[in-house]
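A quick write-up on the structure given underneath.
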Amino acid sequence: MKFRLVDRIENWKRGQSLTVRHAVSQEEYSLKSRLGENAAAPASLAIALAAEGVGYLLALDSDFEHWADITAFENLQLPEERGPGLVWDIQVSRVQDRIQFSGAVNGWAEYREVDLTDYYDPGERKAIINSLCRGN
């Protein structure tokens with residue numbers, strides 16, 4: 001099973017930054033209600049979206065040969081929980097050897113690079129990313 005949260009990648013600047021976008025679905029919105037809580041998309045989805053954005057930044061910068069494995073988050077400020085159709089935008093920026101998040105998630109992350117050539121077909125990964133970057 002292949003799973004991704006990023007609906008779109010915008011404003012990619014090689015070696016610097018990109019913005020990931022995700023529209024909250026009805027299914028995501030209703031997750032907490034199944035646990036007896038008020039319906040709202042869990043903030044943990046926004047954290048996963050931010051982490052995925054770091055992976056896409058490294059993939060685009062490396063011609064689809066590397067991905068990011070987040071090793072630590074620091075000073076995270078999470079978004080207000082959102083309803084269906086509302087959008088989370090997160091800018092992912094390289095600042096020296098760390099990642100800074102701004103937008104729906106604010107804070108910092110440390111990461112290590114993972115070589116994708118041993119695990120994924122770079123052509124397949126490139127096709128996925130190209131579909132996310134349409135119109136940029």
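In this structure, Tyr29 and Val24 approach most closely via the heavy-atom pair N-CG1, 4.2 Å. Nearest heavy-atom pair, Ile47 versus Val105, reported as atom, atom and distance to 0.1 Å: N-CG2, 4.4 Å. In this structure, Leu116 and His66 approach most closely via the heavy-atom pair CD1-O, 3.7 Å. Of all heavy-atom pairs between Asp61 and Gly15, the closest is OD1-N, 2.9 Å. Across all their heavy atoms, Ala46 and Trp88 have their closest contact at N-CZ3, 3.7 Å. The minimum heavy-atom distance between Ala51 and Ile70, with the atom names listed, is CB-CG1, 3.8 Å.
In this pair, Trp67 and Tyr56 present their aromatic rings perpendicular. The plane angle is above 60°, beyond the 30 to 60° band.
With Asp7 contributing its side chain and Ala23 its backbone, the two residues share a donor-acceptor pair below 3.5 Å. Remark: the backbone N or O of Ile90 is not paired with any side-chain donor or acceptor of Thr19 at under 3.5 angstrom. Although no hydrogens or angles enter the test, the distance criterion places no donor-acceptor pair under 3.5 Å between the side chain of Asp63 and the main chain of Leu60. Listed for the Arg98 side chain is no donor-acceptor partner under 3.5 Å among the backbone atoms of Ala109. A donor-acceptor contact shorter than 3.5 Å is absent between the side chain of Gln16 and the backbone of Lys13.
Leu18 places none of its side-chain heavy atoms less than 4.5 Å from the side chain of Glu10. Looking at heavy atoms from C-beta onward, Val95 lies in side-chain contact with Trp108 at the 4.5 angstrom threshold. Using a 4.5 Å cut-off on side-chain heavy atoms (C-beta onward), Gln91 and Gln100 make no contact. You'll find the side chain of Asp69 stays beyond 4.5 Å of the side chain of Tyr111, heavy atoms only.
Note: the hydrophobic cluster containing Val6 does not contain Leu86 (ILVMFWY, side chain heavy atoms under 4.5 Å, direct or indirect links).
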* Asked: Arg8 and Val20: side chain to side chain contact (heavy atoms under 4.5 Å, CB included), yes or no, with the steps?
  -> CA-CA 6 Å; Arg8 187 171 178 95; Val20 290; over 6 Å; no
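For the residue pair Glu52 / His22, no side-chain donor-acceptor distance below 3.5 Å is found, with atom types taken as modelled.
Taking OG from Ser102 and CD from Gln77, the interatomic distance works out to 11.0 Å, rounded to the nearest 0.5 Å. One distance of note links CZ of Arg94 with OG of Ser17; it measures 10.5 Å at 0.5 Å rounding. The CG atom of Leu58 lies 12.0 Å from the CD atom of Glu65; values are rounded to the nearest 0.5 Å.
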